[in-house]
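A quick write-up on the structure given underneath.
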Amino acid sequence: MLPLELIRKDPERVKRAAQLKGEPAPIDEILQLDEKWRGHLHRAETIKAEQNRLSKEFAQTRDPQLKDRLREMADRAKADLAEAEAVKRQLDDLLLRVPNLFHESVPVGESEADNVVFREWGSRVELGFEARTHFDLGEALGIMDFERAGKVAGSRFAFLIGEGARLERALAQFMLDVHTREHGYIEVLAPVLVNSASMTGTANLPKFGDDAFKVEGQDLWLIPTSEVPLTNLHRDEILDADQLPLKYTAYTPCFRSEAGAAGKDTRGFIRLHQFSKVEMVKVTSAEQSMEEFERLTADAEDILQRLGLHYQVMVMCTGDMGFAQYKKYDLNAWCPGLGRYLEVSSCSVFNDFQAMRANMRYRPARGAPPRFVHTINGSGLALTRTIDAILETYQRRDGTVAVPEVLRPYMGGLEVIGER
RNA sequence: GGGGAGGUGGCUGAGUGGUCGAAAGCACCCGCCUGCUAAGCGGGUAGGGGGUGUAAAGCUCCCUCGCAAGUUCAAAUCUUGUCCUCCCCGCCA
């Protein structure tokens, strides 16, 4: 969330940013409630101060008249305080609904169409024959099964079978190895069920609860991304400056209800209720964050390059970047069978927006007051869609698929999927 | 699931109604002392919020001893609920 202080001082700036993001922001209500809150608080505190003073006097004198007066003061202070707290709760709830500002380098725009190609690597593969889709290939090879997944779980689920399952495991291992051994991340195995406080910390709540699955009757949510447990790892902590930047990576399943995506990407291994992802999360100081954000994006790109997959780095425009993000890149990999780019990674920097929600701070120097950290995350990469890009890019005329060089050691030396 | 113990500052840990935001120790910081280091001596060091201040500083008040509610003029301390941790028994991958 944004500091209340900023909203008090420069409400117009916050309104403008929200407008360019296409997000509603209840700034005027916040300012009203803020004034109301401070009024009640001030009154309660004035009474309380007097009460504390007289209470000490009473301890000495035991004057029964004073006791009556104190009782009456306590009631008044309690009433004002209760009122102040009620208003503050409303205020806090509204604060959680104010979108983040954005970095000056973010292009202004309204929709996906206004995103900008920032960088490109490789080029569209020349197959020399008509490209098939990953689901066409996958089903023919017997490594993907959507129909039986529909029976067992429902629509938007999939089985990976045999060499398909092995391919995902190989990819996960490969990505984790590169990130831990070469990019300096610490591997984490995280809970995939988290509580509401964690969901609020990363800004998945209160606004986006409909996108996630909740466990009935319990304060537990299936994670939509391991960003949630990783970012919340240090919730309510004060870190030392020399611990920063903290860099974590985790391989987890992710669960999304895909509410509002009805009819979109219903075919194929693209938009599922459950998919796997290797995630990267960084916790940094304010000074480091933009640089670490670029590096994290490069770490994700490194995986795509080693896999030999053509991709574009898109800078998301204000209208498409999301509620919480300060700046966001999407990495889109080319899928010749689909004839379009698929988003295989999304890398974001949040400034202190998540840190304020999650109360994550660090001490810049010994004895110095704590400051909020900055948080960054990105997929490195989403496994399902990376599999799509691999199948479609490395397919051969006979419907088999070559295994990218770097994955072969992870697949027991297998060079071609589907060859018999 | 049943029984028991406990949650206090960066850490260890004392504190069972006011003199406690909190002893003591550790760690850390500043100073003194000493060829250097160690030891010793003195001082300092929780977080949040309101008001004041151009701001930094400062001043001042309020809140916080897992969380929530209650009793009381007054709660770390008493009551209830809740969450979490640990131990024993049962069950279980």
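Letters A, B, ... mirror the listed sequences (proteins, then strands); counts begin at 1.
If you take NZ of A/K67 and C1' of B/U72, they are 8 Å apart, rounded to a whole angstrom. Distance, A/D236 CG to B/G66 C1': 11 Å, rounded to whole Å. The CG-P distance, from A/D63 to B/A74, rounds to 16 Å in whole Å. The distance between atom CG of A/L239 and atom P of B/C11, rounded to the nearest whole Å, is 13 Å. Atom C1' of nucleotide B/G10 and atom OH of A/Y362 are separated by 18 Å, given to the nearest angstrom. Here B/A69 presents its C1' atom at 14 Å from CG of A/L81, a figure rounded to the nearest Å. Here the P atom of nucleotide B/A75 and the CG atom of A/N52 are 9 Å apart, to the nearest Å. When the P atom of B/G10 is taken as reference, atom NE2 of A/H234 falls 16 Å away, rounded to whole Å.
Here, B/C20 and B/A46 have their C1' atoms 15 Å apart, quoted to the whole Å. Comparing B/G66 with B/A14, their P atoms sit 14 Å apart, to the nearest whole Å. As rounded to the nearest Å, B/G18 and B/U37 have C1' atoms that lie 49 Å from one another. With both ends at atom P, the span from B/A57 to B/U72 equals 42 Å, rounded to whole Å. Distance check on atom P: B/A69 versus B/U77 gives 14 Å, rounded to whole Å. Here, B/U16 and B/A22 have their C1' atoms 14 Å apart, quoted to the whole Å. Comparing the P positions of B/C84 and B/G21 gives a spacing of 31 Å, expressed to the nearest Å. Remark: the separation of the P atoms in B/G44 and B/G6 is 34 Å, to the nearest Å.
Side chain A/R62 to base B/G18: a donor-acceptor pair is found below 3.5 Å.
For A/E45, the side-chain atoms get nearest to B/G49 when compared with the rest of B/G51, B/C73, B/G49. Out of B/C62, B/G51, B/G47, the shortest distance to the side chain of A/R38 is found at B/G51. Closest approach to the A/K78 side chain among B/G18, B/U71, B/G47 is made by B/U71 (side chain taken as heavy atoms from C-beta onward). Looking at the side chain of A/W37, the nearest of the listed nucleotides B/G48, B/G50, B/C73 is B/G50. Candidate nucleotides B/A74, B/C62, B/G50 were compared by shortest atom distance to the side chain of A/R8, and B/G50 ranks first. Considering only the side chain of A/F58, B/G18 comes nearest among B/A46, B/C62, B/G18. Distances were taken from every side-chain heavy atom of A/S55 (C-beta onward) to each of B/G49, B/C73, B/G47; the shortest belongs to B/C73.
Remark: the A/S196 side chain and the A/D219 side chain contain an N/O donor-acceptor pair separated by less than 3.5 Å.
At most 12 non-hydrogen atoms from other residues, nucleotides or ligands lie less than 6.0 angstrom from NE2 of A/H42. Within 6.0 Å of CD in A/Q19 there are 12 or fewer heavy atoms belonging to other residues, nucleotides or ligands.
Pairing of B/G7, defined by two Watson-Crick or G-U wobble distances under 3.5 Å, is identified with B/C83. Nucleotide B/C41 forms a pair with B/G31, judged by Watson-Crick or G-U wobble geometry with both contacts under 3.5 Å. When both distances must be under 3.5 Å, the Watson-Crick or G-U wobble mate of B/C65 does not exist. Across all strands shown, B/G58 forms a Watson-Crick or G-U wobble pair, both distances under 3.5 Å, with B/U52.
Nearer the 5' end of RNA chain B, as judged by each residue's closest nucleotide, is the contact made by A/K56, out of A/R53 and A/K56. Position along RNA chain B of the nearest nucleotide to A/A74 versus A/D34 favours A/D34 as the more 5'-ward residue.
Smallest separation of non-hydrogen atoms from A/E279 and A/S379: OE1-CA, 3.5 Å.
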Item to check | Worked verdict on A/L307 versus A/T386 for side-chain contact (heavy atoms from CB on, under 4.5 Å) | outcome: CA-CA 9 Å; A/L307 290 170; A/T386 303; 3.8 Å; yes
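A/R76 and A/D80 are not joined by a salt bridge, as no carboxylate oxygen comes within less than 4.0 angstrom of a charged side-chain nitrogen.
A/F118 and A/Y329 have their aromatic ring centers within a separation under 6.0 angstrom.
Look at A/R43 and you won't find any side-chain N or O under 4.0 angstrom from OP1 or OP2 of B/G51. Of the side-chain N and O atoms in A/R71, none sit less than 4.0 angstrom from OP1 or OP2 of B/U72.
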